[in-house]
Amino acid sequence: MEHRAKRSLGQNFLIDDNICRRIVDALDVGDDSLIVEIGPGKGALSRFLLQASPRKYIALEKDAALAEALSDRYPQARVRCMDALQFPWEDLTGRVQIVGNLPYNIGSRLIWDIVSRVQSYDRAIFMVQLEVAQRLTAKAGEKAYGALGAWVQSFAETQLLFRVPPTVFRPQPKVMSGVVRFTPLGVECRPADPVALSEVLRLCFQKRRKQLGNILRTRWNDELSQWFAEEGLSPTLRPEALTPRQFQGLAARIVMNNA
Ligand code: SAM
């Protein structure tokens with residue numbers, strides 16, 4: 001039976017083999033790699049992924065009808081009908097590659113969550129709408145830089161690999177898409193206190209046009225003043241001036257003050 005795309009699940013299916021191949025080629029699949037695909041849909045990417053790693057492939061698909069059809073088509077695949085946000089990302093070990101043409105309505109939420117929860121992976125390749133791809137890869141000081149970029153880049157190096165036009169999907173989305181590569185940072189570079197970091201990022205970027213000194217007014221004290229001086233930063237700067245690493249330092253100093 002013909003599947004009707006569900007807008008609520010962000011279903012825009014890829015119909016172009018070349019784009020699928022380019023996405024799969026961007027992974028670094030070794031013989032022993034486990035591939036986790038988020039939202040396999042009708043299996044446009046799955047076919048190529050299963051060719052690359054036939055024995056170690058898990059697909060997470062929320063739509064029960066699509067999950068069942070994929071499982072029937074590829075009995076060797078482990079297809080789990082579930083919300084990818086509920087997957088135990090923390091438990092993955094060994095060589096892991098994560099890939100997905102993500103549902104656009106929750107793409108940034110999924111990435112925010114996954115990069116911080118997954119402890120072990122070699123590479124992730126995600127397709128998202130281009131505007132989100134630009135936010136994921138923007139550097140401090142750039143227009144698209146915000147909480148999402150600073151958060152994700154605290155855990156992984158990101159690179160926009162290529163842009164994808166609406167014409168390669170059915171149904172066609174209204175906007176361009178982008179494919180982004182994530183390479184995890186070493187454990188020693190990851191934020192010591194992710195909860196504090198996320199709170200500081202949300203606080204600062206809620207008011208991104210305000211100066212940092214103003215945003216942090218209620219927390220201001222000698223310690224914070226000293227941190228700005230040590231970093232060579234002025235409190236008159238706006239949040240977008242701080243690098244992900246500086247946000248981690250700021251979060252750590254604020255936590256220290258509250259202890
Ligand atoms: N990979 C397919 C392709 O490229 O043609 C489908 C991509 S489509 C943009 C997104 C897919 O994610 C859909 O199949 C949708 O049902 C699924 N999906 C939506 N929300 C999900 C969630 N929370 N967890 C897992 N899958 C989800």
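Below, each value reflects all heavy atoms present in this structure, side chains not excepted, and no hydrogens, waters or symmetry copies. Start at 1 and go down the list; that is how both ligands and their atoms are numbered.
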(request) Consider every N or O of L14 and every N or O of ligand 1, then say whether any pair is closer than 3.5 Å. (result) yes
(message) Show me which atoms of ligand 1 lie under 4.0 Å from any heavy atom of G10.
(response) 8 (S), 9 (C), 10 (C)
(request) Between P40 and ligand 1, find which residue part has any heavy-atom pair under 4.0 Å and reply side chain, backbone, both or neither. (result) backbone
(message) Is there a polar contact, in the sense of an N or O pair closer than 3.5 Å, between L45 and ligand 1?
(response) no
(request) Show which atoms of ligand 1 fall inside a sub-4.0 Å distance from at least one heavy-atom site of D63. (result) 16 (O)
(message) Restricting to non-hydrogen atoms, name the atom on L201 and the atom on A150 that form the minimum distance, rounded to 0.1 Å.
(response) CD2-CB, 3.6 Å
(request) State whether the shortest distance between N or O atoms of A84 and N or O atoms of ligand 1 falls below 3.5 angstrom. (result) yes
(request) Please write down residue, atom name and distance for the protein heavy atom closest to atom 20 (N) of ligand 1. (result) P103 CG, 3.5 Å
(request) Tell me yes or no: between the side chains of Q97 and D28, is some donor less than 3.5 Å from an acceptor? (result) no
(request) Ignoring hydrogens and angles, state whether a donor on the side chain of S154 or Q248 is under 3.5 Å from an acceptor on the partner side chain. (result) yes
(message) Among all protein heavy atoms in this structure, tell me which lies nearest to atom 27 (C) of ligand 1, with the distance rounded to 0.1 Å.
(response) K62 CB, 3.7 Å
(request) Considering only non-hydrogen protein atoms, determine which one is nearest to atom 16 (O) of ligand 1 and report residue, atom name and distance to 0.1 Å. (result) E61 OE2, 2.6 Å
(request) Could you tell me if the ring centre of F169 sits under 6.0 Å from that of F13? (result) no
(message) Using a 4.0 Å cutoff against the non-hydrogen atoms of N12, which atoms of ligand 1 qualify?
(response) 7 (C), 8 (S), 9 (C)
(request) Name the closest protein heavy atom to atom 1 (N) of ligand 1, giving the residue it belongs to and the distance to 0.1 Å. (result) G39 O, 2.8 Å
(request) Determine, using the 4.5 Å side-chain heavy-atom cutoff (strictly less than), whether I215 and L237 are members of one ILVMFWY cluster. (result) yes
(request) Look up atom CG in L216 and atom CG in L203, then write down how far apart they are to the nearest 0.5 Å. (result) 6.0 Å
(request) Could you list the atoms of ligand 1 found under 4.0 angstrom from a heavy atom of E37? (result) 1 (N)
(request) Around atom 23 (N) of ligand 1, find the nearest protein heavy atom and jot down its residue, atom name and distance. (result) D83 OD1, 2.8 Å
(message) Could you check, using the six-membered ring where one of them is a Trp, whether W220 and F228 have ring centers closer than 6.0 angstrom?
(response) yes
(request) Let me know which of I111, T137, V118, I125 forms a side-chain contact (heavy atoms from CB on, under 4.5 Å) with F182. (result) I111
(message) Any nitrogen or oxygen of Q11, side chain or backbone, less than 3.5 Å from one on ligand 1?
(response) yes
(message) I'd like to check which ligand 1 atoms, numbered from 1 as shown, lie under 4.0 Å from a non-hydrogen atom of L66.
(response) 14 (O)
(request) Find all atoms of ligand 1 within a distance of less than 4.0 Å from any non-hydrogen atom belonging to L60, and give their numbers and elements. (result) 25 (C), 26 (N)
(message) Do Q153 and E157 pair up side chain to side chain, a donor and an acceptor below 3.5 Å, judged on atom types alone?
(response) no
(message) Are any of the N/O atoms on K42, whether in the backbone or the side chain, positioned under 3.5 angstrom from an N/O atom of ligand 1?
(response) no
(message) Quick check on contacts: which atoms of ligand 1 are under 4.0 angstrom from a heavy atom of L102?
(response) 9 (C)
(request) Would you verify whether the NZ or CZ of R202 falls within 45 degrees of the ring axis of W112 while also being under 6.0 Å from that six-membered ring's centre? (result) yes
(request) Would you kindly specify which portion of I106 sits under 4.0 Å from ligand 1, judged on non-hydrogen atoms: side chain, backbone, both or neither? (result) side chain
(request) Would you mind telling me if ligand 1 is within reach of the side chain of M82, the backbone, both or neither, using heavy atoms under 4.0 Å? (result) backbone
(request) Please determine if R135 forms a cation-pi arrangement with Y145, meaning its NZ or CZ atom is less than 6.0 Å from the six-membered ring centre and no more than 45° off the ring axis. (result) no
(request) Could you verify whether a donor N or O on one side chain and an acceptor N or O on the other, from E37 and S46, lie under 3.5 Å apart? (result) yes
(message) For the 3.5 Å polar cut-off, considering only N or O atoms, please tell me whether N101 and ligand 1 meet it.
(response) yes
(message) With heavy-atom distances below 4.5 Å as the criterion, would you say the side chains of L60 and V79 are in contact?
(response) no
(message) If the cut-off is 4.0 Å to any non-hydrogen atom of A44, which atoms of ligand 1 fall inside it?
(response) 5 (O)
(message) Just to be sure I'm reading this right: ignoring hydrogens, which of I23, L9, V99, V128 gets closest to atom 19 (C) of ligand 1? Compare them by their nearest heavy atoms.
(response) L9
(message) Working to the nearest 0.5 angstrom, can you tell me the gap between S33 OG and L27 CG?
(response) 8.5 Å
